[in-house]
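Remember, predicted model here, so these are calculated numbers, not experimental data. Scope of the values below: all heavy atoms of this structure, side chains included, with no hydrogens, waters or symmetry mates. Residues: numbered from 1 along the sequence shown.
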Amino acid sequence: MIKKILTAFLLLPTLLCAQINTERVMTIARNALYFEDYVLSIQYFNQVINAKPYLYEPYFFRGLAKINLDDFQGAEADCDAAIDRNPFVVGAYQIRGLARIRQNNYNGAIEDYQTALKYDPENLVLWHNLSLCHMQKEDYDAAKEDLGKLLKIAPRYTRAYLMRGEVSLKQKDTIQALNDFETAIDMDRYDPDGWSARAIVRLQQGKYTDAESDLDQAIHLSAKNAGNYINRALARFHQNNLRGAMSDYDLALDIDPNNFLGHYNRGLLRAQVGDDNRALEDFDFVLKVEPDNMMATFNRGLLRAQTGDYRGAISDYSKVIDEYPNFMAGYYQRAEARKKIGDRKGAGSRTSGDGGGDGGDSRSILVFEDGDILADGELGAVQSGILHQIDVAAVKLRISQSGGQLPGCDGAIGHPDGLVVLSDNHADEVRQMVGGPGQGAGLIGGGHRLQLAIFTHIVNHDTLTIGQFLIIGYRNGDLALAGVVLSG
């Protein structure tokens, strides 16, 4: 009995030593969090949680530390625990919403922000993030409604005007977008994002001098934004300032060496000016990042052929053809490359129209082209996310039935190299051939020039979505310059 009592007394000091001053430890933990020592702060919050697991605060702050360490699942779990212990903590919903956004759970984030707004209806951050979630879900009407409510609370919150302008661009309302961007600039002329946003609208409108001026201002205010240099390069390209455009791409990649668009667009420009070897370096980088980018693969194949790497070109063309068996330019270019290495059988004419078999790669290709499109350095309008394909056989049949001309047109001719060349006044007729309005050539630009070369083939009038690419020309081995797109 005495022994048991002594044991109990010996244990008692140990238990007393295990107790901690939770308020003091919480203060230390929060200081560590403030000074961005997230790992240390988590260690202290763990001590508080072990001592008093019923408190919500250590879970909330530990969740905040975890989200700064990109532990989004852990942050969400800690916020769950904090909300279970106190469902009225607005910050917990806010942090959990952010964690859910980073996990692409936009519905869950929307639910959190809407709940938090019931307790704090004038919280700008909550309205901002709620609008962002609706934008990510492409629910643009809901996003505009949220931003309208935000602006009633804070009419000088420039971020809301920029976000609403972005929504308007998504809805193809460039006038409203421009109005919102200009309002943001008027309110805060030292915010580079306003100038950058207005520049994108002006690029889309073809106002390249104005776009460059806006981007000059944005770069002056924020010299380390690679996207602004990429967009200014496009504005300069359209003004035939190729040296300035190249300089901007180089500057963008100095700032962000892994920028995908910077390498893609610089590769296109290098190819345009004949710097094929360095263009290949850019496309090699692009394909390391996106190995399934078929347009980049095709362009690299063309560059490899131009630099004498015919086997490498054949490999690239074959990859594109495997993905898109009816891509006529791929067969044509692969046939040319095979001829260069003496593979006459592989380059020979096909006897079937299914794109398969061993008959070789040569087939007729329908091409719309302007003879000066590549020489004059103009890209045409920045449009067209869909590359429409044309049924070559159907068009050739119509041409043959009309005695070598399309009805009502004055220039359809058979090209000696097997290409059918049509001038720009055939657009409507071609649309009719392939199934009526909306399924035709997908032409961009206007006036007396046809600014889009079409070099693909379709089955049953389907379309092939390649991405937001700008196709400016394809002609007997010329690069199909595709991919010059806006950043942002």
Side-chain angles (χ1 to χ4, degrees), residues 63-64 66-77 79-80 83 90-118 120-154 157-174 176-178 180-181 184 191-194 196-201 204 225-228 230-231 256 258-261 289-290 293 385-386 465 467-469 485-488:
L64 181 58
K66 286 180 178 180
I67 205 167
N68 280 286
L69 293 172
D70 291 344
D71 179 8
F72 305 121
Q73 291 182 342
E76 183 175 355
C79 288
D80 288 342
I83 290 169
V90 170
Y93 293 101
Q94 182 174 326
I95 298 303
R96 189 172 70 177
L98 182 57
R100 287 174 168 177
I101 288 175
R102 299 300 295 270
Q103 298 174 84
N104 297 321
N105 179 9
Y106 298 110
N107 288 329
I110 288 171
E111 181 180 339
D112 275 339
Y113 292 132
Q114 289 176 338
T115 301
L117 283 166
K118 292 178 182 178
D120 189 2
E122 296 190 357
N123 187 310
L124 300 186
V125 174
L126 295 174
W127 283 112
H128 181 113
N129 289 352
L130 179 61
S131 304
L132 178 64
C133 288
H134 281 131
M135 290 170 67
Q136 290 296 319
K137 289 187 63 183
E138 299 184 1
D139 187 352
Y140 299 127
D141 290 336
K144 274 194 169 179
E145 182 179 351
D146 294 337
L147 292 166
K149 293 176 180 178
L150 193 163
L151 286 170
K152 286 183 180 179
I153 298 168
Y157 184 61
T158 57
R159 294 287 104 187
Y161 292 102
L162 293 175
M163 292 171 69
R164 192 170 67 178
E166 183 179 346
V167 171
S168 295
L169 281 182
K170 296 291 186 181
Q171 296 178 319
K172 311 299 183 185
D173 187 353
T174 55
Q176 181 59 49
L178 191 60
D180 278 334
F181 294 151
D191 183 353
D193 292 341
S196 300
R198 189 172 70 176
I200 290 177
V201 178
Q204 293 178 342
N225 186 329
N228 287 332
I230 291 172
N231 288 343
D256 182 6
N258 296 317
N259 189 288
F260 177 86
L261 283 180
V289 178
E290 288 190 7
N293 188 314
I386 295 179
T465 302
Q468 294 183 351
F469 299 122
V485 294
L486 296 175
S487 175

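Looking at His134 and Val167, their side chains never come closer than 4.5 Å, going by heavy atoms from C-beta outward. Within the 4.5 Å cutoff, no side-chain heavy atoms of Tyr106 are placed close to those of Asp139. Here the side chains of Arg198 and Leu178 are in contact, with some heavy-atom distance below 4.5 Å. Two residues are said to be in side-chain contact when any heavy atoms from C-beta on lie closer than 4.5 Å; Gln73 and Lys66 fail this criterion. Looking at heavy atoms from C-beta onward, Leu151 lies in side-chain contact with Tyr161 at the 4.5 angstrom threshold. The shortest distance between side-chain heavy atoms of Leu162 and Asp180 does not fall below 4.5 Å.
In terms of heavy-atom proximity, Leu98 sits nearest to Tyr113 at N-OH, 3.2 Å. The heavy-atom pair separating Asn107 from Lys137 by the smallest distance is OD1-NZ, 2.5 Å.
Side chains of Gln176 and Asp173: a donor-acceptor N/O pair is absent below 3.5 angstrom, by distance only. Judged by distance alone, the side chains of Glu76 and Gln103 do bring a donor and an acceptor atom under 3.5 Å apart.
Remark: Arg159 CZ is packed, more than 12 non-hydrogen atoms of other residues, nucleotides or ligands lying under 6.0 Å away. Other residues, nucleotides and ligands contribute at most 12 non-hydrogen atoms within 6.0 Å of the CD atom of Glu122.
Using a 4.0 Å cut-off between a side-chain N of Lys or Arg and a carboxylate O of Asp or Glu, Lys170 and Glu166 do not qualify as a salt bridge.
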